[in-house]
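What you are looking at is a predicted structure, and each value in this text was computed from that prediction instead of being measured.
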Amino acid sequence: MLHIGGARTALFNWLYARHTGGKFILRIEDTDQARNTQEAVDVIFRGMRWLGLDWDEGPDGKGGTAGDRGPYFQSQRADIYRSYLEKLKATGRTYEDGGALKFKMPKTPGVVRDLVCGEVTFDRTMEPDLVVQRKDGSPVFHFVNVVDDLEMGITHVIRGEDHLTNTHKHIALYEALGAAPPQFAHIPLILNRGGSKMSKRDEGAALGFYEEAGYLPAALRNYLCLLGWSPGENQEILPIAELIQRFDLPHINRSNARFDGDKLFWMNGEYWRSLSEAEFRKFADDYLQRTRPKISQMDPALLQRLLPLIREKVRTGREMAEWLDPYLGSEYDYSDEAKKKQLNTPEAAKWLNSLSTAFGALAGTWDDAAVEGACKKVAEEAGAKPAKVIHLVRAAVSGRTVGPSLFGLLTALGRETTLARLERTQKELAAGRLVAA
RNA sequence: GGCCCUAUCGUCUAGCUGGUUAGGACACGGCCCUCUCAAGGCCGGUGCACGGGUUCGAGUCCCGUUAGGGCUACCA
């Protein structure tokens with residue numbers, strides 16, 4: 001999976017590169033053989049693309065490569081690591097211990113000049129030496145990381161704060177190799193609701209979770225920016241161009257931030273409503289195609305009538321799909337609440353009867369006003385408030401107690417379908433199948 | 001345990017070099033609107049972790065305590 005924290009780190013790097021006119025490089029650190037699968041790499045490509053983070057150098061995700069400092073997979077850079085290992089050995093600052101190769105850590109204070117954290121000094125008098133090559137001959141992460149950043153001409157490393165205390169070791173390695181270290185910026189971590197580091201097992205820890213739930217990438221991207229960074233001036237909803245223009249390192253916070261799903265949900269709603277009709281249609285088509293295979297059997301015209309009504313009531317793709325479910329076929333379930341509150345009432349059968357008659361009499365015109373008139377007439381004759389009748393109709397035609405505004409819904413469904421659905425409910429009711437569990 | 005980082009409403013944050021009725025957003029509560037649900041409008045409560053300093057004056061600077069997080073692998 002692509003971890004939400006990793007995605008946020010990638011986003012900050014991307015924003016910084018775009019803000020400064022630099023290059024954003026994607027490198028796949030696939031040295032863990034057990035977890036290194038094509039599938040795992042594809043998840044990264046997909047997630048990056050979904051979030052809109054295009055990279056200037058790295059694997060293109062289709063088997064090709066962009067940039068001339070590759071290969072961009074660590075698993076393919078063994079020769080490079082070997083030669084750097086020789087280079088390091090030649091400095092005389094390494095020694096063998098138990099079959100492994102160790103780098104002698106300097107005993108001088110380790111100073112990290114960080115673009116976010118400022119100057120942080122580590123006392124190394126007690127610092128153990130660093131293993132750079134394992135007994136089995138493979139180089140360790142800290143070493144390959146330094147080599148790759150060096151070889152790839154990396155100027156800025158923006159990474160999670162969990163690396164801050166390792167950075168002085170990296171700097172020591174750069175110095176031993178006679179190279180100037182890049183600039184570092186350590187950004188605060190994303191915490192779960194409980195306040196500890198977001199782990200794989202936390203709900204919403206995977207970027208894919210948001211795609212599946214039908215969130216808008218732009219909304220998540222915007223939300224993620226605000227975790228540990230603020231443009232000030234009380235602005236929160238920022239279009240991507242403005243994000244790029246305003247993003248900078250000095251305004252990054254030093255303290256960790258909890259992930260607040262509620263706020264993301266709200267923000268998604270903001271983006272959801274600001275989508276143009278065409279954008280929304282494209283999103284809805286894609287999402288429904290993927291999550292509701294049955295959609296292809298639905299009358300496209302009906303779908304197009306329903307979608308705008310549903311859109312204004314919900315804020316994610318998943319909600320949209322669920323609201324659409326009752327209309328995907330002629331079969332639909334009745335919720336317990338609908339049964340209990342609306343259908344299982346003394347007057348339900350009688351009212352449904354009147355409604356069928358009233359709607360049936362609407363021969364020529366079938367629009368919001370006509371439907372509303374019919375509902376009100378039935379309510380008046382029954383001596384009830386229109387709301388009561390309206391709720392009953394919604395339950396009867398959708399099996400739900402919540403849904404789009406009723407008159408618009410019935411108009412969208414059409415007279416025939418509405419009547420068929422009323423009839424279905426009447427039959428179910430008569431057969432005693434609408435008793436709440 | 002050692003080392004490093006952090007500490008403003010429940011949450012995300014604004015608060016640049018000390019003087020604010022400590023601002024915004026989410027969430028929450030109330031009211032309005034209302035056919036449910038949303039959306040929208042109005043109103044509201046809640047906060048500078050604690051203790052010492054420095055100073056005429058501290059959310060802002062210093063120290064300590066406490067709390068949280070991270071690192072401390074022949075993991076990445």
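- Taking the six-membered ring for Trp, A:Tyr223 and A:Phe259 have ring centres closer than 6.0 Å.
- Comparing atom distances between the A:Phe141 side chain and each of B:rA7, B:rC26, B:rA76 picks out B:rA76 as nearest.
- Using a cut-off of 4.0 Å between Lys/Arg side-chain N and Asp/Glu carboxylate O, A:Arg424 and A:Glu331 are scored as salt-bridged.
- Counting non-hydrogen atoms under 4.0 angstrom, A:Gly98 reaches a base of the nucleic acid.
- Pair check for B:rA58 finds none; no Watson-Crick or G-U wobble contact set falls under 3.5 Å.
- The side chain of A:Val120 approaches B:rC5 more closely than any other nucleotide in the set B:rU6, B:rC26, B:rC5.
- Between A:Asp260 atom CG and B:rC9 atom P the separation is 14 Å, expressed in whole Å.
- Between the side chain of A:Arg258 and the backbone N or O of A:Arg193 there is at least one donor-acceptor pair closer than 3.5 Å.
- Applying the salt bridge (charged side-chain N to carboxylate O under 4.0 Å, His left out) test to every pair with at least one member in residues 225-250 of chain A, sequence neighbours left out, gives these pairs: A:Glu233-A:Arg246, A:Glu236-A:Lys263, A:Glu242-A:Arg246.
- In this structure, A:Asn253 does not reach the B:rC5 phosphate: none of its side-chain N or O atoms is under 4.0 Å from OP1 or OP2.
- The nucleotide B:rA27 finds no pairing partner, because no Watson-Crick or G-U wobble arrangement with both distances shorter than 3.5 Å includes it.
- Here B:rA14 presents its C1' atom at 10 Å from NE2 of A:His251, a figure rounded to the nearest Å.
- Of the candidate nucleotides B:rG40, B:rC5, B:rC12, B:rC12 has the atom nearest to the side chain of A:Ala257.
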Sugar-phosphate means primed atoms, P, OP1 and OP2; the rest is base. With that split, encode nucleotides 59-73 of chain B 5' to 3' as B, S or - using protein heavy atoms under 4.0 Å.
----------SBSS-
Nucleic acid footprint by protein, nucleotides 29-38 of chain B - heavy-atom cut-off 4.0 Å, B for base, S for sugar-phosphate alone:
------BBBB
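- Among the heavy atoms of the strands lying under 4.0 Å from A:Phe122 are primed sugar atoms or P, OP1, OP2 only; no base atom is included.
- The nucleotide B:rC50 finds its pairing partner in B:rG64, both defining distances of the Watson-Crick or G-U wobble pair being shorter than 3.5 Å.
- Ion pairing between a basic and an acidic side chain is recognised when a charged N comes within 4.0 Å of a carboxylate O; A:Arg82 and A:Asp79 show such pairing.
- Under the Watson-Crick and G-U wobble criteria, each requiring two contacts below 3.5 Å, nucleotide B:rU36 is left unpaired.
- Checked against the 6.0 Å centroid criterion, the rings of A:Phe247 and A:Phe12 qualify as a close aromatic pair.
- A:Asp97 comes within 4.0 angstrom of a nucleotide base, judged by non-hydrogen atoms across all strands.
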With side chain to side chain contact (heavy atoms under 4.5 Å, CB included) as the test, would you mind laying out the steps for A:Ile4 and A:Leu224 before giving the verdict?
CA-CA 9 Å; A:Ile4 192 81; A:Leu224 249 21; 4.1 Å; yes
